[in-house]
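What follows is a short report on a single structure.
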Protein chains: 2
Amino acid sequence: MIKILVVEDQAMVLGALSALIDLEADMSVVGTATNGLEALQRCESEDINVVISDIEMPEMTGLELAQALSKNQHPAKVIILTTFSRGGYVRRALDASVSAYLLKDAPASDLAKCIRLVLSGETIIAPELMRDAWQSGTNPLSVKEQKILAYALEGKSTEEIAKNLYLSQGTVRNYVHNCCQKLQTKNRVEAARQAKAKGWL
Amino acid sequence: MIKILVVEDQAMVLGALSALIDLEADMSVVGTATNGLEALQRCESEDINVVISDIEMPEMTGLELAQALSKNQHPAKVIILTTFSRGGYVRRALDASVSAYLLKDAPASDLAKCIRLVLSGETIIAPELMRDAWQSGTNPLSVKEQKILAYALEGKSTEEIAKNLYLSQGTVRNYVHNCCQKLQTKNRVEAARQAKAKGWL
DNA sequence: AAAAATAGATGACATTTGTCACTAAATTAG
DNA sequence: CTAATTTAGTGACAAATGTCATCTATTTTT
């Protein structure tokens, strides 16, 4: 019997996915978690063969969870199941050596198939996602730049960003300018949206 | 047997929800759709007791679907199942006389319960959602203002917005200014985010 | 230790955005 | 048919943002 842990912050979706998996005769959802941290603890205390995890969650993201499991050399296979086909996300997932990256757009029947395939040792990342991950290249933004764009995305002013990061307003504007150059945009909002879309924030 | 139509644009979630519902002995998912338009057609051609629909979908949203069904006096009960607890959404749902507004954060067991309750004639909207819908008040933005903020949300410049809506740049700036006043914000990005968060776009 | 790269700052200037008062035309309501 | 409202525009100025060259420490590399 394949023992599965499902990690997803929306309870309804979590329950529904569990129901879907439990339809398979040889699979059993032996645990659930609503964020990466919870999941990590479950993985320590219980015997898990496959972890199916969303990415964007409170406390700890699915990518951080994958990284942690990889670092601990945990035997469980990790399947990322998410809405987002962001190059940066896929890249980080590959770095954390996940076994599959599956979109919520994919047909429901793919999930069970995917679980069986990863257990047979395969790595499953849709070709178009691979292409995205390749094309998007490595994240060109420094940590500071990422933080600044994250604030910009929320509509914070130069002044507020400067205050939050203990920088002068001039410096913040310089950083924003760098971001715009690197991302080829005309203003901070476009830059922030771009970066978010590529999974760089 | 309760005949159910599930409407949700993410195939995986659609399948999972269907699996969840089919666990109930007296319920059957007799159809699925990935947008409002498809759903509307299914409702015409088939006998449906309950429609469970997401909101944000291509072609036609779940709220537009609910409005259409209400206008046609279709007998099916409509349950909105969504991630978003936006006052504006809840308000529009109530106006379209939906039978329930359920969040994807709610426990999976709530879904079947909810289906049975709406069939017994009850209307189910969580008290905190009601409060939000009340507090947020009616949408203060005119149609033009909504359009302009939608562009602003995407990082479009005054010039681009003006071009798209066949207005002068000055007029666009005046509209943006009005939005900022109505929403009590200091700039367009904040205003756009606010409006989006309240379900006014 | 010298050279190079990095992080932060400054000042100056151009452009964009926000603010406001005031028109003008078109619609709507009384 | 007016009066009031709505919709769009203009001009002028203030404030915020974008652009760029330049400077100073601080690390890092060689």
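Note on naming: letters A, B, ... go to the chains in the order of the sequence lines (proteins, then strands), and numbering restarts at 1 for each one.
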Result block: side-chain N/O donor-acceptor pairs under 3.5 angstrom for residues 93-107 of chain A, not counting sequence neighbours:
from   : atom 1 : to    : atom 2 : distance (Å)
A:Y101 : OH     : A:F84 : O      : 2.7
A:K104 : NZ     : A:E8  : OE1    : 2.9

Under 3.5 Å, which protein N or O atoms sit close to an N or O of nucleotides 25-28 of chain D? Give each pair with its distance.
none

N/O donor-acceptor pairs under 3.5 Å from side chains in residues 26-33 of chain B, not counting sequence neighbours:
from  : atom 1 : to     : atom 2 : distance (Å)
B:D26 : OD1    : B:R116 : NH2    : 2.7
B:D26 : OD2    : B:R116 : NE     : 3.3
B:D26 : OD2    : B:R116 : NH2    : 3.3

Sorted by chain and number, sequence neighbours left out, side-chain hydrogen bond (donor to acceptor under 3.5 Å, both in side chains) with B:S109 holds for none
Any pair counted as side-chain hydrogen bond (donor to acceptor under 3.5 Å, both in side chains), so long as it reaches residues 179-195 of chain B, sequence neighbours left out | B:E145-B:K182, B:T158-B:R188
Scoring nucleotides 9-22 of chain C by protein non-hydrogen atoms under 4.0 Å (B base, S sugar-phosphate only, - none) yields BB-B----BBBB--
Give the angle between the helix axes at the two ends of the helix from C:dA1-D:dT30 to C:dG30-D:dC1, taking five base pairs at each end and rounding to 10°.
-> 40°
B:K144: partners by salt bridge (Lys or Arg N to Asp or Glu O under 4.0 Å), with sequence neighbours left out | none
Quick one: which residue pairs count as a side-chain hydrogen bond (donor to acceptor under 3.5 Å, both in side chains) with a foot in residues 122-131 of chain B, not counting sequence neighbours?
-> none
Which residues pass the side-chain hydrogen bond (donor to acceptor under 3.5 Å, both in side chains) test with A:S85, sequence neighbours left out?
-> none
Residues two or more places apart in sequence or in another chain: which of them pass side-chain hydrogen bond (donor to acceptor under 3.5 Å, both in side chains) with A:S18?
-> none
The side-chain hydrogen bond (donor to acceptor under 3.5 Å, both in side chains) partners of A:E56 (sequence neighbours excluded) come to A:R86, A:Y89
